[in-house]
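Please read the structure below before turning to the comments.
Chain A is the first sequence line, chain B the second, and so forth, proteins listed ahead of strands; every chain is numbered from 1.
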Number of protein chains: 2
Amino acid sequence: MYAALLAHIARYVTLTPAEAQVVGNYFTCQTVPRKGYLLEAGQPCPASYFVLQGCLRLYFITEKGAEQITQFALENWWLADYSSLLSRQPSEYYIQAVEPTVVAVLDYARQEALLAQVPALERYFRLLLQRVAAANQKRWVHHYGESLEERYQFFSAAFPGFVQRVPQYMLASYLGCTPEFLSKIRAKTSLGEARPGPAAKG
Amino acid sequence: MYAALLAHIARYVTLTPAEAQVVGNYFTCQTVPRKGYLLEAGQPCPASYFVLQGCLRLYFITEKGAEQITQFALENWWLADYSSLLSRQPSEYYIQAVEPTVVAVLDYARQEALLAQVPALERYFRLLLQRVAAANQKRWVHHYGESLEERYQFFSAAFPGFVQRVPQYMLASYLGCTPEFLSKIRAKTSLGEARPGPAAKG
DNA sequence: TGAATTTCTTAATCTAAATTAAGGAAAACG
DNA sequence: CGTTTTCCTTAATTTAGATTAAGAAATTCA
C-alpha cells in the first residue's frame with residue numbers, strides 16, 4: 001500500500017521491519033478526484049501529504065482575486081502548509097488535485113506519536129527538510145537571477161514531462177507571469193522545434 | 001560562550017548537562033569583520049553558521065553582475081548554503097558580514113558525528129527546518145500577493161530596528177527592487193510621519 | 001458523440017518598476 | 001578631524017511584462 005513511501009524513507013534511513021509496520025499503521029490512504037481539495041483556506045491544515053499517484057497544487061488567492069500557485073507536488077513529493085500545521089491557525093492556502101490523485105496522509109495529531117515510536121523518522125524528516133531548504137534557496141536564485149524565459153526553459157528541462165502534465169496557465173502562475181506572456185515565450189522559443197504537421201495529433 | 005546557542009536549542013529540545021557539554025565541544029567560535037566573508041562563490045560551503053552577535057547577508061551575483069541578496073541572518077539565526085553543504089559542490093553564494101559579527105560554527109565534517117552523539121539534535125534541527133519551510137512558504141505569499149510597497153511596510157513592521165541596521169540598498173535587493181525605487185516608496189510613505197527637525201540629530 | 005467547459009493564442013494598449021545620470025549626505029577609518 | 005568611501009535621493013527615459021479583448025482549439029463528461 002505504502003511501498004512508495006517506505007521506499008522513499010529507505011533512501012534516507014533504515015527502518016526495521018517492525019518500524020516499517022508501525023509507519024504503515026500511522027498513515028491513511030486518500031483518493032482525491034481532479035479538482036478535489038485536501039485543504040481549503042480558512043481551515044487549519046489537517047495533515048502532511050505524500051503523493052503516491054497524481055499531482056497536487058498549492059495556491060492562495062491574491063488581493064486582486066487571482067489564484068497564485070506556489071508549489072506543485074508530483075509522485076514522491078510531500079506537501080503541507082507548514083505554518084498552519086505548526087500554529088494550528090487557519091490556512092491561507094488551497095491544496096487541490098490537478099489530476100485524480102492518491103496520497104498517503106500523515107495526520108497532524110498523530111505525527112508526534114509516530115516520531116516518538118520511530119525516532120529514525122526524526123532523521124528522515126530532518127534530511128528531507130534540509131533538501132527542501134536547499135531547493136528553496138535555489139528557487140530564489142532562479143527567480144531573481146533569470147528572466148522568465150530562462151526560468152521556463154530551466155523548468156521544462158528540469159522536469160521533463162511535467163510541462164505536458166499541467167495546464168499552461170498553472171505553469172504561468174507558478175513561474176510568476178500571465179498565461180498570455182508564457183504563450184508568447186513558447187511561440188518565440190519553439191520556432192526551431194518540430195511543429196506537429198496539420199495531420200499530426202498528440 | 002555558546003549560551004545563546006544552547007538557549008536556542010532549549011526552546012525546542014531538552015539536553016542533559018553532559019549533552020550540552022558535547023555540543024559546546026563540537027562548535028567553534030569565529031569573528032568576522034564588517035565586509036568579511038564566511039563563504040565565497042566557488043568554494044564548497046564549509047559549515048553552518050549560528051549568529052551570536054551581528055548580521056550576515058547571503059547573496060549571489062546575477063548574470064548582469066548585480067549582487068542579489070536572498071537572506072539575512074541576525075542574532076539567533078542559522079545560515080548556510082544547504083545545496084552546497086549537502087552536495088559538497090562549489091557554492092554560487094557569498095556569505096558576508098554586514099557588521100562586525102560573531103558566529104558559532106558547525107563544521108560540515110563534524111555535523112553528522114555530533115548528531116550521532118546527541119540524537120536530540122536531530123529533533124532540534126527537524127523542528128527548526130520545519131519553521132524554515134513555513135517561513136519560506138509565507139515568503140512566496142508576500143512576494144506574489146503584495147506590492148513592493150506593502151512588502152516594505154510588512155518587513156519594517158515585522159523586523160523593527162532591522163531597517164535601521166542594514167543599508168537601504170541591501171534591503172532593496174532583498175525585497176527585489178532597486179534602491180531608487182525603495183527610496184521613492186519611502187518618500188511617499190513617510191510624508192505623514194514625524195520628520196526630524198532641522199536641528200534634530202540621531 | 002456532441003454540447004459545455006477549459007485551455008491556448010494573438011495583438012493592441014498600458015503600467016510598475018528598471019535604468020541612467022548626477023548631486024548631496026552620511027559613515028568609516030586612517 | 002578631515003577626507004575618502006559609502007550611501008541616499010530625485011528625475012527623465014525606457015522596458016518587461018500586465019491587461020484587455022476576442023476568437024480558436026482542445027478536453028471533459030453526460
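Per the geometry, CD belonging to A:Gln164 stands 15 Å off C1' belonging to D:dA26, to the nearest Å. Atom P of nucleotide C:dA16 and atom NE2 of B:His143 are separated by 17 Å, given to the nearest angstrom. Taking atom CZ of residue A:Arg165 and atom P of nucleotide C:dT7, one finds them 16 Å apart after rounding to whole Å. In this structure, CD of B:Gln96 is placed 11 Å from P of D:dT6, rounded to the nearest angstrom. Computed from coordinates, the B:Tyr152 OH to C:dA17 P distance equals 16 Å when rounded to whole Å. Taking atom CD1 of residue B:Ile185 and atom C1' of nucleotide D:dT10, one finds them 15 Å apart after rounding to whole Å. In this structure, CG of A:Leu182 is placed 11 Å from C1' of C:dT9, rounded to the nearest angstrom.
The shortest distance between side-chain heavy atoms of A:Leu79 and A:Val51 does not fall below 4.5 Å.
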Inset, instruction - Dot-bracket notation for DNA chain C is requested: 5' to 3', Watson-Crick or G-U wobble pairs only, both distances under 3.5 Å, with ( ), [ ], | and . as defined. - result: ||||||||||||||||||||||..||||||
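Here salt bridge (charged side-chain N to carboxylate O under 4.0 Å, His left out) pairs that include residues 31-48 of chain A, with residues two or more places apart or in two chains, number zero. Among pairs with a residue in residues 157-179 of chain B, those fulfilling salt bridge (charged side-chain N to carboxylate O under 4.0 Å, His left out) read B:Glu75-B:Arg165, B:Glu99-B:Arg165, at least two apart in sequence or across chains.
Residues satisfying the side chain to side chain contact (heavy atoms under 4.5 Å, CB included) criterion with B:Ala104, sequence neighbours excluded, are B:Tyr2, B:Leu5, B:Phe27, B:Phe50, B:Leu52. Take B:Tyr82 and apply the ring-ring contact (aromatic ring centres under 6.0 Å, His included) test, not counting sequence neighbours, and it matches no residue. Contacts of A:Phe162 classified as ring-ring contact (aromatic ring centres under 6.0 Å, His included), with partners at least two apart in sequence or in another chain: A:Phe72, A:Phe155. For B:Tyr94, the ring-ring contact (aromatic ring centres under 6.0 Å, His included) partners two or more places apart in sequence, or in a different chain, are B:Tyr37, B:Tyr59. Not counting sequence neighbours, the partners of A:Tyr124 by the ring-ring contact (aromatic ring centres under 6.0 Å, His included) test are A:His8, A:Tyr12. A:Glu122 pairs by the salt bridge (charged side-chain N to carboxylate O under 4.0 Å, His left out) definition with B:Arg123, B:Arg126, not counting sequence neighbours.
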Legend entry - Residues A:Tyr144, B:His143; criterion ring-ring contact (aromatic ring centres under 6.0 Å, His included); working and verdict: CA-CA 12 Å; A:Tyr144 281 130; B:His143 186 82; 5.8 Å; yes
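Phosphate contact (OP1/OP2 of D:dT9, side-chain N/O of B:Arg186, threshold under 4.0 Å): present. OP1 or OP2 of D:dT6 has not a single side-chain nitrogen or oxygen of B:Gln168 nearer than 4.0 Å.
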Which pairs would a plain distance check flag for residues 168-180 of chain A, meaning a side-chain donor or acceptor within less than 3.5 Å of a matching protein atom at least two apart in sequence or in another chain?
unit_1: A:Gln168; atom_1: OE1; unit_2: A:Arg186; atom_2: NH1; d: 3.2
unit_1: A:Ser173; atom_1: OG; unit_2: A:Glu67; atom_2: O; d: 3.3
unit_1: A:Ser173; atom_1: OG; unit_2: A:Ile69; atom_2: N; d: 2.8
unit_1: A:Thr178; atom_1: OG1; unit_2: A:Phe181; atom_2: N; d: 3.2

Please enumerate all protein N or O atoms sitting under 3.5 Å from an N or O of nucleotides 23-28 of chain C, with distances to 0.1 Å.
none

Show me the protein contacts with nucleotides 12-19 of chain D, counting only N or O atoms at under 3.5 Å.
unit_1: D:dA18; atom_1: OP2; unit_2: A:Thr178; atom_2: N; d: 3.3
unit_1: D:dA18; atom_1: OP2; unit_2: A:Thr178; atom_2: OG1; d: 3.1

